[in-house]
Structure formats: structure tokens, C-alpha cells
Peer 1: 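Okay, handing you the structure first.
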Amino acid sequence: MKTAFDVMNTDVIKIKKETSLKEIIDIMKEKEIGVLPVIDNEILIGVVSRDDILMKQEEAPIPPVIAFWDVLITLPTNKQFVEKIKKISGYSAAEIMSTYYLKVKTSDKVDKIVTDIIEKKLGFAIVFDEND
């Protein structure tokens, strides 16, 4: 039976709690990944996932638009929209990260990990060695 060690990604890209939302999005797009561990003093303090970003972006109101033939034109004069976008883009990893994640050991069996991921409605697990 395979263990977490057999299937885990060892090329993990970590971010600091001060990493900006723009930097996080750029890293996720460039590296084609959806989860980034957030590290403070070499200790995992949380994770930022695509879902965390999407939930923060839902706080922004939808900008007013005009349909002109087949083209949608955004009206940037909406003050509330501009202020919300500025606020969201200023978020750091610490402000959007989740501290809820599945922590598993390298020796844990893959079938158990998959079951736990499904039961906890997560899309990933963070693998730690036996010494954390």
C-alpha cells in the first residue's frame, strides 16, 4: 500500500505571511498550483488556496457594465468598486490564509488520506515528516 511519502510533492513553494495577494496569484498562475503553505520563522502557520482567494474576491461588488453590441464595457467610476478592489489587492497571505488543513505524516497510507480529504471537504493534505 502506498504512503504519503510515495506520492507527495517535494518541490513545495512556500510563501511568507507578508506575501501580497498579487504575488500569490502570480505564483499560482506561473507554477500552475492551487495551494501555497504560509511559513513564519520556518513554521507552517496556514495555507492559501484558490478558494481562499475567491472568497475574498467575492467581497468586491460587481462593477456596473454596459453591453454595447457584443462588448461589455466596465464603468470604472463606481467609487465603491474601486475602493474594494484596492482593499482586496492590498491583502497579505496572513489576511487570507486558512488555518484549517489536513496534516498527515509521511508514513500515512494514501487510501486513508484520500478518505480524510473527502470527509473534511478539502482538496489537499500537508505532509509532515515523523518529526513534524
Peer 1: Taking only residues two or more places apart in sequence or in another chain, which ones pass side-chain hydrogen bond (donor to acceptor under 3.5 Å, both in side chains) with Thr115?
Peer 2: none

Peer 1: Quick one: name the residues clustered hydrophobically with Ile113, using the 4.5 Å side-chain heavy-atom rule over I, L, V, M, F, W, Y, and just say none if it's on its own.
Peer 2: Phe5, Met8, Tyr100, Leu102, Val104, Ile117, Leu122, Val127

Peer 1: Filter on salt bridge (charged side-chain N to carboxylate O under 4.0 Å, His left out), then keep only pairs touching residues 116-126, sequence neighbours left out; what's left?
Peer 2: Lys112-Asp116

Peer 1: Would you confirm whether Glu130, through its side chain, and Ser107, through its main-chain N or O, come within 3.5 Å as a donor-acceptor pair?
Peer 2: yes

Peer 1: Look at the side-chain heavy atoms of Ile, Leu, Val, Met, Phe, Trp and Tyr, link any pair under 4.5 Å apart, and say whether Ile15 and Phe128 land in one connected group.
Peer 2: no

Peer 1: Using side-chain hydrogen bond (donor to acceptor under 3.5 Å, both in side chains) as the criterion, list what pairs up with Asp111, not counting sequence neighbours.
Peer 2: none

Peer 1: Give every residue pair that meets the salt bridge (charged side-chain N to carboxylate O under 4.0 Å, His left out) criterion with at least one member in residues 27-36, sequence neighbours excluded.
Peer 2: none

Peer 1: Just do the side-chain contact (heavy atoms from CB on, under 4.5 Å) check on Leu44 and Ile39 with the steps written out, would you?
Peer 2: CA-CA 5 Å; Leu44 179 68; Ile39 307 296; 4.1 Å; yes

Peer 1: Of all residues at least two apart in sequence or in a different chain, which pass the side-chain hydrogen bond (donor to acceptor under 3.5 Å, both in side chains) check with Ser98?
Peer 2: none

Peer 1: Membership question, hydrophobic clusters at under 4.5 Å side-chain separation (ILVMFWY): are Leu36 and Phe124 in the same one?
Peer 2: no

Peer 1: May I have the step-by-step check of side-chain contact (heavy atoms from CB on, under 4.5 Å) for Asp52 and Met97, ending in yes or no?
Peer 2: CA-CA 7 Å; Asp52 296 322; Met97 72 182 189; 5.5 Å; no

Peer 1: Could you name each residue pair satisfying salt bridge (charged side-chain N to carboxylate O under 4.0 Å, His left out) that touches residues 97-107, not counting sequence neighbours?
Peer 2: Lys103-Asp132, Lys105-Asp132

Peer 1: Go through the structure and list residues passing side-chain hydrogen bond (donor to acceptor under 3.5 Å, both in side chains) with Thr19, not counting sequence neighbours.
Peer 2: none

Peer 1: Considering non-hydrogen atoms only, spot the tightest contact between Ala4 and Val110 and give its length.
Peer 2: N-CG2, 4.1 Å

Peer 1: Membership question, hydrophobic clusters at under 4.5 Å side-chain separation (ILVMFWY): are Val47 and Ile33 in the same one?
Peer 2: no

Peer 1: Can you list every salt bridge (charged side-chain N to carboxylate O under 4.0 Å, His left out) pair that touches residues 8-20, not counting sequence neighbours?
Peer 2: Lys17-Asp40

Peer 1: Could you check Thr3 against Thr106 for side-chain contact (heavy atoms from CB on, under 4.5 Å), going step by step and ending with a plain yes or no?
Peer 2: CA-CA 7 Å; Thr3 64; Thr106 54; over 6 Å; no

Peer 1: Is there a side-chain contact between Tyr101 and Val35 in this structure, where contact means two heavy atoms from C-beta onward sitting under 4.5 Å apart?
Peer 2: no

Peer 1: Under 3.5 Å, side chain of Asp129 to main-chain N/O of Asn131, donor-acceptor pair present?
Peer 2: yes

